[in-house]
S.K.: 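Below is the structure I would like to discuss, written out as structure tokens.
Each chain gets a letter, A, B and so on, in the order the sequences are listed, and its residues count up from 1. Worth knowing before you read on, the calculation uses all heavy atoms, side chains too, and leaves out hydrogens, waters and symmetry mates.
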Amino acid sequence: MHDISRIRRDPNGFDVAMARRGMAPQSAILLALDNARREAIATEEASQARKNARAKAVGQAKARGDHVEAQRLLDEVGASIEGAVTEVRVRQETELTGALSILPNILDADVPEGRDETANLVVHQHGNPADLPNAKQHFELGEALGLMDFATATRLSGSRFVVLKGQLARLERALGQWMLGLHTDTHGYTEVNPPLLVNAPTLYGTGQLPKFEEDLFKSGDHYLIPTAEVPLTNLVADQVIPEPLEPLRFSALTPCFRSEAGSAGRDTRGMLRQHQFSKVEMVSITRPEDSDAEHERMTRCAEAVLTALGLTWRRIFLCAGDTGFGAARTYDLEVWLPGQKAWREISSCSNCRDFQARRMKTRFKRGKEMVFAHTLNGSGVAVGRALIAVMETHQQRDGTILVPEVLRTWMGTDKVGSGAAIS
RNA sequence: GGAUGGGUGGCCGAGUGGUCGAUGGCGCGCGCCUGGAAAGUGCGUAUAGGUCAAAAGCCUAUCGUGGGUUCGAAUCCCACCUCAUCCGCCA
């Protein structure tokens, strides 16, 4: 959410910022709405003040026992209520808030210019893409092992679902448990087990509503979370929190639910893009001056996961056109999939600065001032995609999959599919 | 789901139609007292919005939320949310 008084002070700067997102100038319409709103407020307040003064005079007259004067005042009042002015004010405020709430965050100055992912910047690469001869894709491996079943999932639920069985189901569980443990035990995050169903104000706080409702699954008055970023960030919603000298860090392993309304036909094979998937999420709440360092730190926490799994990955600095609605800057982590012979996103770490905090009203007191907190979120990492990456990266010639060292105690074996029939 | 009782400032807690943004206490801040501290004592201590170049000041709103009654609502009425307890149901 944007600060209208800031737009008022520098309308041109705001238009330039929105232009980087590929948007038309917004300030003229916003300022017009703001003027109308302020006019409505002035009108209403003047009316209120008159009303208050009259009521007070009546009260004072009665208090001193002057019933004649009190009655005179009452007679004078007559039909003086002006309810319409309140209606106008509420409408003007709603209009301005509505217009502001669908505008994306202002990007950091150093975010690369560009309209789409082709302008993203590779910041760092770990390892080199392996060129495995006859490398198979994860769904070929999984189906051959009889442990990954899309046909049955389709019967149960439709497209974009999967049934994992046996050691692959266990590998998925092992990945999630191990990652969460890594963040809570060694990266300083507090483990949280949040609700998976949340209400509309909560989704408004992190920016999914009102603009992206079609991406969400809804059940009654609740929505299924598209990411644990939503409940984790909103832990501090509507609060004046003690100023945190160290960032507040939360992590959770949860299922995520996405309608994938806008991605018909994309990534339909395999389990790359599902309606339901597990993800380990990291969220930090910081002071403004600490969010840059925290963003770097958080990204490294995600990178540590990929490195420990023996994956080949790279860090991408998303360009202006590819950065999400609520973020001021975003690093994506992409992992190399030897079977697919492509880099695919497996984590996304964003600094939202005070954009979400304004929506959530998360502040702390600094001296006499109220300061909006900064919020950050990152995947640490997407479990389903980590499963894919592990399968494709550590596949063996015989179609089995070598279990990364760090997962062996969770798996009780060093190989998935050993003994299974290989096609 | 049913019944009953609650939701007031950072916290506790008064307040049942009138100068109430709200007594008092705790906490916090600044003083006084003291050799220093404790105790005692004095003063101060909400948020948002508007007006203003800015500050001060002034105005408006906020006693769970939204409506209503009234010249005037923390206080009365209605709906909803939420908490507690009891009953029912249930993994």
S.K.: Contact class for A:Lys365 (heavy atom, under 4.0 Å): base, sugar-phosphate, or nothing?
M.R.: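 The answer is sugar-phosphate, as A:Lys365 gets under 4.0 Å only of primed atoms, P, OP1 or OP2.
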
S.K.: Would A:Asp15 and A:Ser27 count as having a side-chain donor-acceptor pair, cut-off 3.5 Å?
M.R.: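 A donor-acceptor contact under 3.5 Å links the two side chains.
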
S.K.: Please check if the distance between the ring centroids of A:Phe250 and A:Tyr189 is under 6.0 Å.
M.R.: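 No, too far apart.
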
S.K.: Report the secondary structure of RNA chain B in dot-bracket form, marking unpaired bases with a dot and bases paired to a different strand with |, and treating Watson-Crick or G-U pairs with both distances under 3.5 Å as paired.
M.R.: ((((((((.[[[..)..(.....]]]((((((.......))))))((((((.....)))))).[[[[[..)....]]]]])))))))....

S.K.: Let me have a per-nucleotide readout for nucleotides 7-15 of chain B, 5' to 3', with B, S or -, counting only protein heavy atoms under 4.0 Å.
M.R.: ---------

S.K.: Determine, for nucleotides 57-64 of chain B in 5'-to-3' order, which nucleotides have protein heavy atoms under 4.0 Å from the base (write B), from only the sugar-phosphate (write S), or from neither (write -).
M.R.: --BBS---

S.K.: Roughly how far, to the nearest 0.5 Å, is OG of A:Ser347 from CG of A:Leu306?
M.R.: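 Spacing of CG (A:Leu306) from OG (A:Ser347) equals 7.0 Å.
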
S.K.: Give a yes or no on whether the ring-centroid distance for A:Phe325 and A:Phe355 is below 6.0 angstrom.
M.R.: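 Yes, close enough.
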
S.K.: Treating A:Thr362 as the side-chain partner and A:Gln239 as the backbone partner, does any N or O pair qualify as donor plus acceptor under 3.5 Å?
M.R.: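 Side chain of A:Thr362 to backbone of A:Gln239: no pair is present.
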
S.K.: Round to the nearest Å and state the distance from A:Phe364 atom CZ to B:U47 atom P.
M.R.: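 One finds 15 Å between P of B:U47 and CZ of A:Phe364, rounded.
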
S.K.: Parallel, tilted or perpendicular, judged at 30° and 60°: which one describes the rings of A:His275 and A:Phe161?
M.R.: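 Taking A:Phe161 first and then A:His275, their aromatic rings sit tilted (interplane angle of 30° to 60°).
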
S.K.: When you check the phosphate oxygens OP1 and OP2 of B:U51, does a side-chain N or O of A:Arg38 lie under 4.0 Å from one of them?
M.R.: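 So the side-chain polar atoms of A:Arg38 do come within 4.0 Å of the phosphate oxygens OP1 or OP2 of B:U51, strictly under.
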
S.K.: Using the side chain to side chain contact (heavy atoms under 4.5 Å, CB included) rule, pick out the option among A:Arg359, A:Gln26, A:His2 that qualifies with A:Leu100.
M.R.: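 The passing option is A:His2.
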
S.K.: Rounded to the nearest 0.5 Å, what's the gap from CD on A:Glu95 to CG on A:Leu30? Could you check?
M.R.: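 One gets 11.5 Å once the value is rounded to the nearest 0.5 Å.
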
S.K.: Between A:Thr86 and A:Glu44, does any side-chain donor sit less than 3.5 Å from a side-chain acceptor?
M.R.: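 A:Thr86 vs A:Glu44: donor-acceptor pair found between side chains.
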
S.K.: Flag the pair A:Arg54 / A:Leu73 as yes when at least one side-chain heavy-atom distance between them is below 4.5 Å, and no otherwise.
M.R.: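 The answer is no; the side chains never approach within 4.5 Å.
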
S.K.: So which nucleotide from B:C71, B:G50, B:U47 ends up closest to the side chain of A:Ala55?
M.R.: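 Per side-chain heavy atoms of A:Ala55, the pick is B:C71.
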
S.K.: Which whole-number value in Å describes the distance from A:Ile4 CD1 to B:A48 P?
M.R.: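 So the CD1-P distance, A:Ile4 to B:A48, works out to 17 Å.
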
S.K.: Please give, in whole Å, the distance from B:A73 C1' to A:Lys56 NZ?
M.R.: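 From A:Lys56 NZ to B:A73 C1': 16 Å.
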
S.K.: Taking CZ from A:Arg89 and P from B:A48, how many angstroms apart are they, rounded to a whole number?
M.R.: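 My rounded result for the distance is 17 Å.
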
S.K.: According to a strict under-4.0 Å criterion, is A:Arg8 in side-chain N/O contact with OP1 or OP2 of B:G50?
M.R.: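 Yes, because at least one side-chain N or O of A:Arg8 sits under 4.0 Å from OP1 or OP2 of B:G50.
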
